[in-house]
Student: 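One structure, as structure tokens, below. Some questions next.
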There are 2 protein chains.
Amino acid sequence: MASGKRKNYHHGDLKNSLVEAGLELLRHQDASGISLRAVAKEIGVSHTAPYRHFKSKHSLLAAISQRGFEILTENTRQAVDKEPNDARQQLMLSGQAYVDMAVEHPKLLHLMFGGALSLRDCSTEYCQIAQNSFLSLTHILENGVSTGVFKDKSSTEMSVVVWSLLHGLAMLISAGQLDNEITSQKRIRELSGLAVDTLLNGLLK
Amino acid sequence: MASGKRKNYHHGDLKNSLVEAGLELLRHQDASGISLRAVAKEIGVSHTAPYRHFKSKHSLLAAISQRGFEILTENTRQAVDKEPNDARQQLMLSGQAYVDMAVEHPKLLHLMFGGALSLRDCSTEYCQIAQNSFLSLTHILENGVSTGVFKDKSSTEMSVVVWSLLHGLAMLISAGQLDNEITSQKRIRELSGLAVDTLLNGLLK
DNA sequence: ACCTGAACACCGTTCAAGT
DNA sequence: ACCTGAACACCGTTCAAGT
């Protein structure tokens, strides 16, 4: 994984290695600081080799971002499976899984939602995977409505609202916009809990 | 404003012109596509001239972003002034002003919150201006609590929750993540209204 | 005090050539 | 089928020199 030479002329699994190396670089610097040449050097391959597997830097970034969405969807899916019968708990756990993503992979989250990779100029496969975590929220809401726990509003519109809340909190955290003492994991858990509770119970007296 | 020559050796107001030209470029391309050299050429000045006024590209971007925060704060302030006695309406109008920012200046919003300009490595003046729109929300909540309209929870924590909701919706819109027919201005108004209403009234039956 | 031009070390991308 | 190296047009940044 470290930068260096390799034995064979052919790498063998260059495509995956590029994505993996990109994810690794994103742990310590944000997407704007990651270059195609740096990723190639990290693997020990010429700086033009990536073009055999990705038609541009943009499509490599899209592949990295796609992995991010897969991680996010997997985490929220686990939250749903843990409480198959309690929509309220599912929403709470999914929310915390979403916000955890901001703590664990802040730069990756910003690549995924930074605007550089708009859904317009990405593959249909990418778009589908990108929307799965959103669909997971929609299912929770539909479940909650059908079991009579949630109010009977349009589930798709409602899940945009829920998504917005979780997404906003995650983005503010990962951007370092909440400079108070909200840095600790425990503090963030409390905050995301409060956020979901407020949405559930309302703000009015 | 168009790219071209100028008469004098000295520009006169280069610092402001650079920020203005940057804002203009941000209308049609995102921050990753804006280069110091392009901004300089747009004004008709050598590509090293900006360094007399900004110590790096980062600080020019920070100045542009700062203007974005000034616009955002001004818009929410107007919403507050319009309804001096109704915290509920203030929250609704502020929310729509925040979301409008995503419609009017999507790329600028992503520069402001994209993570490239973390509060850590920016001037204290920048940090202060960046937090003003957040403080505006806090004041609305305090106002609502003291007039007995809102529940009596911690206002600062609560305003992070409200901020998250508005911020998330704004970021999802400006990133083009909501690819359904939620593109029209009218549709977005309804959606931000629903978002604030849900937060106010809660989701539980 | 403010601006320029050459220079440096980096980019992304293309293309003919090597294995 | 996969990878390399030279080449091109771009970057951000520094610095001696010009007005």
Side-chain angles (χ1 to χ4, degrees), chain A residues 1 3-22 25-26 28-65 107 111 114-118 121-122, chain B residues 1 3-22 25-26 28-65 107 111 114-118 121-122:
Chain A
M1 187 127 318
S3 114
K5 304 280 176 58
R6 67 185 194 289
K7 288 289 173 59
N8 322 341
Y9 184 86
H10 288 81
H11 179 278
D13 193 20
L14 184 52
K15 185 163 187 173
N16 263 306
S17 299
L18 286 166
V19 174
E20 222 61 47
L25 287 176
L26 274 182
H28 303 104
Q29 56 195 296
D30 53 298
S32 69
I34 153 180
S35 76
L36 217 47
R37 290 168 105 111
V39 178
K41 181 184 271 185
E42 186 71 15
I43 299 176
V45 95
S46 94
H47 65 271
T48 55
Y51 284 91
R52 202 52 46 178
H53 303 279
F54 298 99
K55 75 178 217 297
S56 66
K57 181 184 182 181
H58 179 276
S59 51
L60 171 58
L61 290 178
I64 296 170
S65 169
K107 323 281 189 185
L111 173 61
L117 300 170
S118 137
D121 37 38
C122 282
Chain B
M1 186 123 318
S3 113
K5 304 279 174 62
R6 68 186 193 288
K7 287 291 172 59
N8 323 338
Y9 185 83
H10 289 81
H11 180 278
D13 194 19
L14 183 54
K15 185 163 185 171
N16 264 306
S17 299
L18 286 166
V19 175
E20 222 61 47
L25 287 175
L26 274 181
H28 303 105
Q29 57 196 295
D30 53 298
S32 70
I34 152 180
S35 76
L36 218 46
R37 289 169 107 111
V39 178
K41 182 184 271 184
E42 185 73 15
I43 298 176
V45 95
S46 94
H47 65 271
T48 56
Y51 284 90
R52 203 51 48 178
H53 303 280
F54 299 98
K55 76 177 217 296
S56 66
K57 181 184 182 181
H58 179 276
S59 51
L60 171 58
L61 289 178
I64 296 171
S65 170
K107 323 279 190 184
L111 173 61
L117 301 171
S118 139
D121 38 37
C122 282

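Protein chains get the first letters and strands the later ones, always in sequence-line order, with residue 1 at the start of each.
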Student: Which heavy atom of B:Ala49 sits nearest a heavy atom of B:Leu14, and at what distance?
Tutor: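 Result for this residue pair: CB-CD2, 3.9 Å.
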Student: Tell me which residues in residues 47-54 of chain A put a heavy atom below 4.0 Å from DNA chain D, sorted by number, or none.
Tutor: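 Only A:His47, A:Thr48, A:Ala49, A:Arg52, A:His53 qualify.
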Student: Any side chain to side chain donor-acceptor pair (under 3.5 Å) pairs touching residues 48-57 of chain A, not counting sequence neighbours?
Tutor: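 Every pair satisfying side chain to side chain donor-acceptor pair (under 3.5 Å) with a residue in residues 48-57 of chain A: A:Ser46-A:Thr48.
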Student: Grab the CG-C1' distance between A:Asn16 and D:dC2 for me, whole Å please.
Tutor: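 From A:Asn16 CG to D:dC2 C1': 16 Å.
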Student: Starting at the 5' end of DNA chain D, write a dot or bracket for each base, bracketing those in Watson-Crick or G-U wobble pairs whose two distances are under 3.5 Å and using | for partners on another strand.
Tutor: ||.|||||...|||||.||
Student: Polar atom pairs between nucleotides 8-11 of chain C and protein, under 3.5 Å, N or O only, would you list them?
Tutor:
| unit_1 | atom_1 | unit_2 | atom_2 | d |
| --- | --- | --- | --- | --- |
| C:dC11 | O5' | A:Ser35 | OG | 3.4 |

Student: Output the distance between atom CD1 (B:Ile34) and atom NE2 (B:His28), rounded to the nearest 0.5 Å.
Tutor: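 That separation rounds to 13.0 Å.
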Student: Measure the distance from CG on A:Asp13 to C1' on D:dC2 and round it to the nearest whole Å.
Tutor: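 Result: 13 Å.
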Student: Would you kindly give the CG-to-P distance between B:Leu60 and D:dT13, to the nearest whole Å?
Tutor: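 Interatomic distance, CG of B:Leu60 to P of D:dT13: 10 Å.
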Student: To the nearest 0.5 Å, what is the distance between CD on A:Glu20 and CD1 on A:Ile64?
Tutor: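 Here the interatomic distance stands at 9.5 Å.
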Student: Find the distance between CG (B:Leu111) and CG (B:Leu117) and round it off to the nearest 0.5 Å.
Tutor: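 Output value for this atom pair is 5.0 Å.
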Student: Test of understanding: with side chain to side chain contact (heavy atoms under 4.5 Å, CB included), list the residues that count as partners of B:Ser32, not counting sequence neighbours.
Tutor: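 B:Ser32 satisfies side chain to side chain contact (heavy atoms under 4.5 Å, CB included) with B:Asp30 only.
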Student: Whole angstroms only, please: what is the NZ-C1' distance between B:Lys15 and C:dC3?
Tutor: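 So the two atoms are 16 Å apart, to the nearest Å.
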Student: Decide yes or no for B:His58 and B:Asp121: does some side-chain heavy atom of the first lie under 4.5 Å from some side-chain heavy atom of the second?
Tutor: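 Side chain of B:His58 against side chain of B:Asp121, heavy atoms only: contact under 4.5 Å found.
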Student: At their closest point, which heavy atom of A:Val39 faces which heavy atom of A:Gly22, and how far apart are they?
Tutor: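 Scanning both residues completely, I find the closest heavy atoms to be CG1-N, 4.4 Å.
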Student: Considering non-hydrogen atoms only, spot the tightest contact between A:Ala63 and A:Val19 and give its length.
Tutor: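 Distance-wise, the nearest heavy atoms are CB-CG2, 3.9 Å.
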Student: How many angstroms lie between atom CZ of B:Phe54 and atom CG of B:Leu60, to the nearest 0.5 angstrom?
Tutor: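 Answer for the CZ-CG pair, B:Phe54 versus B:Leu60, is 5.0 Å.
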